[in-house]
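Structure first, then comments.
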Amino acid sequence: DYVLSLVDSATVPRICLLPTASGDGEAQIRQFHATFGSRACEPMHISLFRLGSRPIPLRETLLDQHIIYVGGGSMLGLLAVWRALGLDAILREAWENGVILAGLSAGAMCWFQWGVTKSLGYPAPSPGLGFLPGSMSVHMDGEPARLPVCRAAIADGTLPPGYAADDGVALLFRGTELEEVVSSRPGRRALKLGP
């Protein structure tokens with residue numbers, strides 16, 4: 001509801017899931033449609049791993065959305081596929097044209113210069129798309145091993161200063177400026193890390 005509320009209330013939002021980080025996992029796709037299918041919006045998803053059998057014009061389809069929502073999974077895998085298909089450039093164009101970019105886990109970190117991913121099986125710094133300055137670490141409460149890695153990498157200069165967030169916490173940016181932190185769960189928080 002919060003994500004949909006970011007679109008002008010006179011508009012029925014078009015929202016597209018990119019479940020790339022999960023390998024276009026069916027469970028993630030079903031959950032997305034179950035969540036957004038009963039709301040006042042037009043949900044769709046793009047399975048990049050199935051483009052060979054279900055081709056669509058990627059640029060035109062994504063630029064026509066009000067919201068692009070990116071699911072969780074492997075940040076390294078997500079970015080490799082996006083770069084191979086030119087989605088990094090398409091998503092930057094969408095963002096510059098006012099499309100809302102949202103996501104959770106890998107889908108939240110990917111917009112920053114850096115994230116702390118577990119794509120290799122353990123927490124490690126990984127470059128993101130760089131639309132937002134700084135770094136982002138997710139699952140602060142659910143996967144506590146990430147935060148010390150993030151803090152150490154910021155301290156030694158591997159990562160730029162940034163943010164860490166508990167599960168269920170969202171950071172809203174307008175352009176590249178943090179505007180608001182919201183939580184869907186009581187007692188959850190986000191931290192600003194670094195100088």
Q) Could you state the interatomic distance from NE2 (His66) to OG1 (Thr11), rounded to the nearest 0.5 Å? A) 5.0 Å

(Q) Please determine whether residues Leu104 and Leu76 belong to a single hydrophobic cluster, defined as Ile, Leu, Val, Met, Phe, Trp and Tyr linked transitively by side-chain heavy-atom distances below 4.5 Å. (A) no

**Q.** Arg14 with Glu42: basic N within carboxylate O range, under 4.0 Å
**A.** no

Q) Just wondering, more than 12 heavy atoms not from Glu96 lying within 6.0 Å of its CD? A) yes

**Q.** From CA spacing to verdict: salt bridge (Lys or Arg N to Asp or Glu O under 4.0 Å), Arg146, Glu143
**A.** CA-CA 6 Å; Arg146 288 183 193 242; Glu143 296 178 6; 2.7 Å; yes

Q: State, to 0.1 Å, how close Gly175 and Leu132 come at their nearest heavy-atom pair, and which atoms those are.
A: O-CD2, 3.5 Å

(Q) Can you confirm whether Arg189 is buried at CZ, in the sense that more than 12 heavy atoms of other residues, nucleotides or ligands lie under 6.0 Å from that atom? (A) no

Q) Do Val70 and Ile100 share a hydrophobic cluster (ILVMFWY, side-chain heavy atoms under 4.5 Å, transitive)? A) no

Q | Heavy-atom donor-acceptor pair, Gln113 side chain to Pro127 backbone, under 3.5 Å | A | no

**Q.** Ion pair Glu93/Arg59, N-O distance below 4.0 Å
**A.** yes

Q. Hey, any chance Val182 and Leu191 share a hydrophobic cluster, counting ILVMFWY side chains that come within less than 4.5 Å of each other, even indirectly?
A. no

Q: Identify the residue among Asp141, Asp166, Asp167 that makes a side-chain hydrogen bond (donor to acceptor under 3.5 Å, both in side chains) with Arg188.
A: Asp141

Q) Have Ser119 and Ser74 got a donor and an acceptor in their side chains that come within less than 3.5 Å? A) yes

Q: Just do the side-chain hydrogen bond (donor to acceptor under 3.5 Å, both in side chains) check on Thr61 and Gln65 with the steps written out, would you?
A: CA-CA 7 Å; Thr61 302; Gln65 303 303 308; over 6 Å; no

Q) Do the side chains of Met109 and Leu17 join up, straight or via other hydrophobic residues, at under 4.5 Å, putting them in one cluster? A) no

Q: Quick one: sort the Trp95 and Phe131 rings into parallel, tilted or perpendicular, breaks at 30° and 60°.
A: parallel

Q: May I have the step-by-step check of side-chain hydrogen bond (donor to acceptor under 3.5 Å, both in side chains) for Trp82 and Thr20, ending in yes or no?
A: CA-CA 8 Å; Trp82 283 1; Thr20 319; 3.2 Å; yes

**Q.** Shortest non-hydrogen contact between Ala164 and Leu147, atoms and distance
**A.** CB-CD1, 3.8 Å

Q | Path from Val181 to Val3 over hydrophobic side-chain contacts below 4.5 Å | A | no

Q. Taking the side chain from Glu179 and the backbone from Leu172, do they hold a donor-acceptor pair closer than 3.5 Å?
A. no

Q) Can you check side-chain hydrogen bond (donor to acceptor under 3.5 Å, both in side chains) on Ser105 and His139, steps first, answer last? A) CA-CA 7 Å; Ser105 193; His139 307 306; 2.7 Å; yes

